[in-house]
Every structure is written in C-alpha cells, then in structure tokens.
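Just so we're on the same page: letters track the sequence lines, and every chain starts at 1. What you see below is based on every heavy atom in this structure, not just the backbone, and it leaves out hydrogens, waters and symmetry mates.
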There are 2 protein chains.
Amino acid sequence: MNTIIPIPHSHPSVALSQRVSLDNEDQSHRNALRFDQNEHLFFQGDVPRGVYEILSGTVILYKVMADGRRQIQSFASAGDFLAMTFADRHDISAEALTEVEALFVPRAAFDRRLQEQAGFRRSVFTLISKMLQDAHEQALLLGRKCAMERTASFLIFLKERFHEPSTGFTTIQMSRSDIADYLGLTLETVSRMMNKLKRSNVIDLPQPNTFRILNMHRLLALAGEVEDADSLAA
Amino acid sequence: MNTIIPIPHSHPSVALSQRVSLDNEDQSHRNALRFDQNEHLFFQGDVPRGVYEILSGTVILYKVMADGRRQIQSFASAGDFLAMTFADRHDISAEALTEVEALFVPRAAFDRRLQEQAGFRRSVFTLISKMLQDAHEQALLLGRKCAMERTASFLIFLKERFHEPSTGFTTIQMSRSDIADYLGLTLETVSRMMNKLKRSNVIDLPQPNTFRILNMHRLLALAGEVEDADSLAA
DNA sequence: CGGGGCGTTGAATTAATTCAAGGCTCGTGG
DNA sequence: CCACGAGCCTTGAATTAATTCAACGCCCCG
C-alpha cells in the first residue's frame, strides 16, 4: 500500500482486471460490493459508471502525478458517496484502506433518485457542500500551515472521525506514508512531529498507530485554530 | 486589496455595513447586484441567504486564519455560482477582484429551480463536479508541487481562463500577493519564478501584469504535467 | 516634486527534505 | 521455538528550497 503507484492513469484493461467486484454490476444494479484492503474501487482516468455509497470501511481518494508523487484528497467512510461526478473521467483514484462494503448505484438510478426524492437531493447537496468545505480547509492546511500545524490538525481530525469511546484511544488506520501524502509532507516529518507531540505530553502514543489526546487546548493552538502565540510549533 | 484582512470572521453588523448592495434583496428577489472592486459579496462566518450567479467580473474566494494568513481557494467569473452551500455559515469569504455584476437568487428560489428544472439541476451538478475537481487539482498543487511547478501551472490556468485573442496576451488581474496566497507561496517567490520564466524565454512578460506564453511545451513540463525530466525547475 | 503602492532582487536564515542508519514487530520457515 | 527478513517507524546529519529581511526601482497620482 505504501509503494508508489506505478500507473498514474490505469488502462481500461488494467483497471478491469483489478476490479473483479465490478463484474457484479451487470448481474444486478444497486448491488452491494466488497473490496479487499488495497483494492481499488476505481482509478483516475476511468469512465464513471455510477456512484458508490460506502457502508463500512475506509477509502482513500487520491491523485498521482506522472512521476509518482501522490496527494491524498480525503478519506471516505460509512455514509459517504464517492464518484458523484458528472465529468466523463474520474479525476481521482479510490482505494480501500481497510476492507470496504459499498453500494453501487448506476448513474441513471442515482439521477432518478435526485429527481424524485427531495429529501435525498437535499442530503446529497448537503454532503457535497461538506466535501467542498473540507476541500477548502485542506487547501488552507496545505497552502498556509507549517508541518506541526498540519500534523496537529490531522490528529484532531482523526479523533473526531475515528475515536473509539470504549478505549478512549483513536486508531490510526493509515501508514505514515499515507499521512504524509495527505498532509503534503514527507513521512519522516510526520514521524518527527508526532513524536515531538508525544515527548511534550500533548498526546499519548503508546503504539505508532494508536493515540489519545492529552492536552486538547494545546493541540488546538498548535493546529493554528486558536489565536495563541508560540506554543512549541517551532 | 493586498493588505491582510484584519477580521477573520465578520460580525453581522460589520458584514451588513459593508454589503450595501444586499439591501436590494428585500426589494425584489432574483436581483442584479453590483459590487465595486475590493467589495465583499459575503464573509466567512456569515449566514448564507442565497446563491450568487456571476454575470461579469472576477471574484476571489478565500479563507483566513486567526493570525491573518490567507489562502485563496479559487477565482470565480461569469457563469459561476457562488455560495451553493447547505451549511449554516459561509466557510469562505468572497471579494470582488474587479467590478462585479451578479444575480442574487434566494435559497428558496434556487431550491425550487433545482426541483423543477432537470436541465438546471444537471448543469448545477456539473458545475459542482467541476469545482470539486478543481479543488483536487489545487490540493495536488499545494501539497506536492514545488514553487516553479506551481507558478507554471498558474500561468497555464490564467491563459486558459483569461486569454485575450485580440492581443495574444493575457492580463494578470491579481497582485503578486494574491497569486502567492493562491499558490501557497510568498509574493517574493512568485516574482522570482515569473522573472526566471521570463529570462529563460518561456514567457514574455512586458509588464508585471501582462504575459504571453512563448514555449508552451516547456511550460507544461515545468508545471509537472508531462513526464519530462529536469527542465529548469531547480 | 514627493510619496505610496507594487514589484523586483539580493543575502541571510530556516523549515522541511533528503540521505542514511538502526530499531521494532510480526509472520514464516528452518 | 527461535532465527530471520520484510515492512514500518524513528532518529540524526547534511542539504536545499523557500522564506524572511532588507533595499531599491518604477509608476502613477496628488
């Protein structure tokens, strides 16, 4: 999962061979699909055929450049719709970070629901509004925040999204390399920032993929969300 | 226009006092509005009341952090819809870069058109798809491209959007500071990159705000759009 | 003529990357 | 059962891309 994707734009044959689950499309529309970890739901460059509604698991959406540099756009999980595009090609790839269950809704059926169900249309619009706002927030992070601010912001995001009340901890589902490609940093920098937060007792990080926020106020300040001066960002 | 905005979230009273044009809202719905250069259509934090359809001019959409750092999200011009959000607050501010004419459509009227006109709904969805794709492209630029690649990408974007066939040149409507806040760089770096492109005859830059692409192939390579090795990026 | 706003350029500084080495964990096979 | 290797993660040192700080030039307007 952590290696550079060698094929920026999948050739149709390649894409098909890797997406065995999509064979189900033809058997029955609005089908439940299963994707293994690291399997792709679709590739940048593919022709969109319908919308995926995630039922369980986590998907990463990303873009790659010709030389392999990767930018992860977002993480999608239960309740999210993917590929709600009217473009003739997917501009991003979608890869299962964990095992994923999804509902596939062909474009025509999706269109019909938009037409006929006002409530559905409203919730889709709300979802898209949220996606755009997230994209704005991400642009601010990538364009204007330093490494520590990005990392702190990310940990807050993770907690809001993946916190497990039972243990009080949050599991980091993705590798340092994935985090780096989401935050526009290198994996070494991500590691350094996280361990710096650990050493300064802002977070508890018993394992590389499990953490707990010890000082939320401080973390918010470090994330640049509060008008607080020099905490320990430098 | 180039100074840091001192008020990240406008207080309602402040926002109203600056948006005199909005007084028209109550006189007649679906009203044509005029905004002077540097006037705001709305502020980050305002309650959205409807959608703006740009008829002429250019608008910048941006976010500011508590300490004044600014990230410009996008430029909107004729045909674009702004504030198509279902959130209860604007997450970004919209400022007229030039004199702007816009149509204001109250949210209820916009909803109705969405419900009743399939063609309108489709074109709105297509527009939103495009906005999301642009946001993805921007995230890739901000997260993974170096200063020269960002600058080259921006010049190509400007040309596609603002090229004037009559003169063969493209006018740069915004300041170096605006460009920097769009590209996640400093204004000095933007200036350096542009003049480097000028010195190497990739572009013609007779005035700071007017340019013409002399070597598109080279510029595309520098933008990271082509699998080309070391052009002169460094 | 003077001054403000923008843009350019150089020099010093710094934040983040790159390169390199080593450590931990887990699964597999001897 | 332990050894070994692969895959991640961490950490340090050197390097570099971009920023910061500073000065200056240009152009337009009062």
Closest listed nucleotide, where the reference is the side chain of [X] and the choices are [options]:
X: B:R199; options: C:dT9, C:dT8, D:dC9; answer: C:dT9
X: A:L205; options: D:dT10, D:dT19, C:dT8; answer: D:dT10
X: B:T189; options: D:dT10, C:dT9, D:dT19; answer: D:dT19
X: A:S191; options: C:dT9, D:dA18, D:dT11; answer: D:dT11

Please tabulate, for side-chain N and O atoms in residues 203-211 of chain A, each donor-acceptor pair with protein atoms closer than 3.5 Å (sequence neighbours left out).
residue	atom	partner	partner atom	Å
A:D204	OD2	A:R212	NH2	2.8
A:Q207	OE1	A:T210	OG1	2.9

Under-3.5 Å N/O pairs linking protein and nucleotides 19-28 of chain C:
residue	atom	partner	partner atom	Å
C:dC19	N4	A:E188	OE2	3.3

Practice task
Report the distance from atom CG of B:L183 to atom C1' of D:dA18, rounded to the nearest whole Å.
Solution key: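 So the two atoms are 14 Å apart, to the nearest Å.
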Exercise for the section: Check whether any side-chain N or O of B:S175 sits under 4.0 Å from OP1 or OP2 of C:dC6, and answer yes or no. Expected result: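 No.
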Exercise for the section: Answer yes or no: does a side-chain N or O of B:N195 lie under 4.0 Å from OP1 or OP2 of C:dT9? Expected result: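 Checking B:N195 against C:dT9: at least one side-chain N or O falls below 4.0 Å of OP1 or OP2.
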Problem - Partner set under salt bridge (Lys or Arg N to Asp or Glu O under 4.0 Å) for B:E101, not counting sequence neighbours - result: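 Here no residue qualifies.
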Practice task
Tell me, please, which residues at least two apart from A:R192 pass salt bridge (Lys or Arg N to Asp or Glu O under 4.0 Å).
Solution key: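 Not a single residue meets the salt bridge (Lys or Arg N to Asp or Glu O under 4.0 Å) criterion with A:R192.
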Handout entry: Those residues that, when tested against A:S129, pass side chain to side chain contact (heavy atoms under 4.5 Å, CB included) (two or more places apart)
Key =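 If we apply the side chain to side chain contact (heavy atoms under 4.5 Å, CB included) test to A:S129, skipping adjacent residues, the hits are B:T85, B:F86.
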Handout entry: Residues that B:F169 engages under ring pair (Phe, Tyr, Trp, His ring centres under 6.0 Å), provided they are two or more places apart
Key =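 Result, ring pair (Phe, Tyr, Trp, His ring centres under 6.0 Å) vs B:F169: none returned.
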